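These notes concern the structure reproduced below.
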Amino acid sequence: MTELNDVSSYCEASFLANVEVMAKNYCGRPEDLVLLLQEIQSLQNYLPREALYVVASVLGISESQVYGVATFYSMLSTKPRGRHIIRICESAPCHVLGAKKVIDSLLNILEVEIGGTTKDGRFTVETSSCLGVCAVAPAIMIDDTVYGNLALDNLVEILARYD
């Protein structure tokens, strides 16, 4: 068990060292805090509290300011998430064009609720007020790829594209 703890401690220290290096690249540019947080989040798909502390220390701003920015933007997360993020559009056009049935099927296939992560850690399902693709409603976005004109029969095929 000690070996596992040593590896975990090493990985965390290595991660925080990377965060420190990234944050130093943004010194003197507090207006780019969101960009920095996005870069850090790309390492583990969320922003651990320890990383926010390092960012605050390096940039010389309060931890509460960094946390406030990290929790304000829906594309940032301070909670662990799956390897792939599925964002479900909740806009009126998606709703009118049958998003509820598609969403219910998606949640059933993945066996999760909105905000949940699949048991295998593959997907986290979140909502978005708008994906900006009303012409192809209903739509979802997985990571950075948008899928529109969704139907119940193409959900499994779409999900299979992600390991």
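What you see is a predicted model, and the numbers here were worked out from it, not measured in a lab.
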| task | Would you indicate whether the side-chain heavy atoms of Glu50 and Phe15 approach each other to under 4.5 Å? | result | no
| query | When clusters are formed by joining ILVMFWY residues with side-chain heavy atoms under 4.5 Å apart, either directly or through shared neighbours, do Leu47 and Val69 land in the same one? | reply | yes
| said: Quick check on the hydrophobic clustering: are Val96 and Ile103 connected, directly or via other members, by side-chain heavy-atom contacts under 4.5 Å? | reply: no
| Any donor-acceptor pair under 3.5 Å from Thr118 side chain to Phe123 backbone | yes
| note | Cys94 and Ala139 have their tightest heavy-atom pair at SG-N, 3.5 Å
| note | Rounded to the nearest 0.5 angstrom, the NZ-CG distance for Lys24 and Leu36 is 13.0 Å
| remark: dist Asn45:CG -> Arg83:CZ (nearest 0.5 Å) comes out at 10.0 Å
| message | Quick check for you: to the nearest 0.5 Å, what is the distance between Thr117 atom OG1 and Glu126 atom CD? | response | 8.0 Å
| request: Give a yes or no on whether the backbone of Leu131 and the side-chain of Arg87 come within a donor-acceptor separation of less than 3.5 Å. | output: no
| Ile158 side chain reached by Leu150 side chain, heavy atoms, under 4.5 Å | yes
| message | Any heavy-atom pair between the side chains of Asp163 and His84 that's under 4.5 Å? | response | yes
| query | Do Leu59 and Val21 belong together in a cluster built from hydrophobic side chains that touch within less than 4.5 Å? | reply | no
| request: Check whether more than 12 heavy atoms from other residues, nucleotides or ligands sit under 6.0 Å from atom CD of Glu31, and answer yes or no. | output: yes
| message | Quick check: closest heavy atoms across Gly82 and Thr124, and the distance to 0.1 Å? | response | N-OG1, 2.5 Å
| message | Please find the pair of heavy atoms, one from Met22 and one from Ile40, that lie closest to each other, and give the distance. | response | SD-CG1, 3.7 Å
| request: For the residue pair Glu12 and Leu16, establish whether any side-chain heavy-atom pair is separated by less than 4.5 Å. | output: yes
| Do the side chain of Arg122 and the main chain of Leu110 share a donor and acceptor less than 3.5 angstrom apart? | no
| request: Indicate yes or no: at least one non-hydrogen side-chain atom of Lys79 is less than 4.5 angstrom from one of Tyr46. | output: no
| remark: Of all heavy-atom pairs linking Asp32 and Tyr26, the shortest is CB-CD2, 3.6 Å
| task | Using atom types as modelled and distance alone, determine if a side-chain donor or acceptor of Gln41 lies under 3.5 Å from a backbone N or O of Ser77. | result | yes
| said: I need the Leu155 CG to Ser105 OG distance, nearest 0.5 Å. | reply: 6.5 Å
| said: Counting C-beta onward and ignoring hydrogens, is there a side-chain heavy-atom pair between Tyr73 and Leu37 closer than 4.5 Å? | reply: no
| Yes or no on side-chain contact (heavy atoms from CB on, under 4.5 Å) for Thr78 and Arg49, after CA distance, side-chain angles and deciding distance? | CA-CA 7 Å; Thr78 58; Arg49 183 73 181 221; over 6 Å; no
| query | To the nearest 0.5 Å, what is the distance between OG (Ser57) and CD (Glu20)? | reply | 8.5 Å
| said: For a quick test of reading the model, state the closest non-hydrogen atom pair linking Met141 to Asp143 and the distance between them. | reply: CG-O, 3.4 Å
| query | Is there a side-chain contact between Leu106 and Leu159 (heavy atoms, below 4.5 Å)? | reply | yes
| request: Verify the cluster assignment for Tyr67 and Leu76: are they in a single hydrophobic cluster under the rule of side-chain heavy atoms below 4.5 Å apart? | output: yes
| request: Identify the heavy atoms of Val66 and Leu33 that sit nearest to each other, and give their distance. | output: CA-CD2, 4.2 Å
| said: Under the side chain to side chain contact (heavy atoms under 4.5 Å, CB included) test against Ile86, which residue among Ile142, Leu107, Val112 passes? | reply: Ile142
| field | Close side-chain approach of Val19 and Val58, heavy atoms under 4.5 Å | value | no
| task | Fit a plane to each ring of Tyr147 and Tyr162, take the angle between them on a 0 to 90° scale, and name the class: parallel (under 30°), tilted (30 to 60°) or perpendicular (over 60°). | result | perpendicular
| query | How far does OG of Ser74 sit from CD1 of Ile85, to the nearest 0.5 angstrom? | reply | 11.5 Å
| query | Given the rule that I, L, V, M, F, W and Y join up when any side-chain heavy atoms are under 4.5 Å apart, are Ile114 and Ile109 in one cluster? | reply | yes
